Each structure stands twice: as C-alpha cells, then as structure tokens.
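Following: one structure in structure tokens, then a few remarks.
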Amino acid sequence: MGDRARERRGREVEALRVEMAPLPGALDLLVAVKERGDRLVLSSALQQRHVEVFLDMLDARGIIDDRTTSADGEASKPAPDLLQAALKKLGGPPQASRVMVGDSVWDVEAAKRARMVAIVVRSGGFGDHELQKAGAVALYDPPGDLAKALDDTPLA
C-alpha cells in the first residue's frame, strides 16, 4: 500500500508543480546557513525527479552540499531514516551540532528520533502548540525570518 501511496503522491506533485513556488526567503535561508560556514543537506521524502525540480526553482544546486530523496530511506517521517541518511552524507563527528528545519509535527518527531534539534518554519498547517509539544525549539514565519535570526537560534 505504501508503494501505491508514494506513486500517487508523485503523480499529484507532478500535476501541481506549475502552481508551486518557494516560500518567501527560502533561498535567503540557505545562503545564510552557508555564509555561516555550516554544511547543508536538503532532506526530502519526495522522489528524485521532484527534488531536482525544486532545487532548480530555488536555484540552490550550487548552495547545498547534498540532498536526500525518498530513495534514501525505508520509511518516511516521522521515522528518522531520511534525516539519518542526511547526517551520514554530512559526515563529521557524532557530537557535532545538527539542526533540522522543517514545517510539520512529523519533521520534529523525525528530528527527535535522529537526535537533532528541530526548528520550524510555519507553513505545514500545524499550530504552534502542536509544534512546541512535539519538541520544536523555535518557530518562524517565512524562512527569511529565520535567515535574519540565525544568530539567535540553536544554530548559533
């Protein structure tokens, strides 16, 4: 059933692709993270072809260090598979600071399971209480606001 659901999700994403656009400040956030000298892996449960389209929409190929797609994990969030794959791609010492920026309760739960700090950009339709109860350490509206506040977050 999971394979059928992923296949259908792929068709739905494909059909809606022309209506999608990056969130305001999304590219600014990626650039700000890199300007701090941090490594950056985009972790998505989308299929490879969709991730590539969104990277092009963001013009982010030259900014990110790597990416994960649905092919990089057995299970999707809230399972930590994709985040663990991203951490593996980052390499580095296990005690290094690792932060996940997401937009859903499932992202926060996956981050906890992967022993990561979770910061949320409000865009996933979840309320602040739900996100904080799940364990989000900070909440921001659009990604550009987080970009401006990086020095005041657990990323600092």
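Keep in mind that the numbers below use all heavy atoms, side chains included, and drop hydrogens, waters and symmetry copies. Treat the numbers as computed from the prediction; the structure is a model and nothing was measured.
Every residue meeting the side-chain contact (heavy atoms from CB on, under 4.5 Å) condition with Leu58, not counting sequence neighbours, appears here in chain and number order: Pro22, Ala26, Leu27, Leu30, Ala60. Applying the salt bridge (Lys or Arg N to Asp or Glu O under 4.0 Å) criterion to Lys34, with sequence neighbours excluded, gives Asp65. By the side chain to side chain donor-acceptor pair (under 3.5 Å) test, Ser104 is found to be paired with Asp107, residues two or more places apart in sequence or in another chain being considered. Take Asp145 and apply the salt bridge (Lys or Arg N to Asp or Glu O under 4.0 Å) test, not counting sequence neighbours, and it matches no residue. With sequence neighbours left out, Asp72 forms a salt bridge (Lys or Arg N to Asp or Glu O under 4.0 Å) with Lys89. Considering only residues two or more places apart in sequence or on other chains, Ala75 meets the side-chain contact (heavy atoms from CB on, under 4.5 Å) condition with Ala79, Asp81. Partners of Glu130 according to the salt bridge (Lys or Arg N to Asp or Glu O under 4.0 Å) rule, which considers only residues two or more places apart in sequence or in another chain, do not exist here.
When side chains are defined from C-beta on, Val101 does not count as touching Val120, because their heavy atoms never get closer than 4.5 Å.
For the side-chain hydrogen bond (donor to acceptor under 3.5 Å, both in side chains) condition, the pairs that include at least one residue of residues 110-122, sequence neighbours left out, are Glu109-Lys112, Glu109-Arg113, Arg122-Asp128, Arg122-Asp141. The salt bridge (Lys or Arg N to Asp or Glu O under 4.0 Å) pairs that include a residue from residues 20-30 number zero, where partners must be two or more places apart or lie in different chains.
One N or O on the side chain of Arg61 and one on the backbone of Glu52 form a donor-acceptor pair closer than 3.5 Å.
Other residues sharing a hydrophobic cluster with Met116 under the 4.5 Å side-chain heavy-atom criterion for ILVMFWY residues are Val41, Leu83, Leu87, Leu90, Met100.
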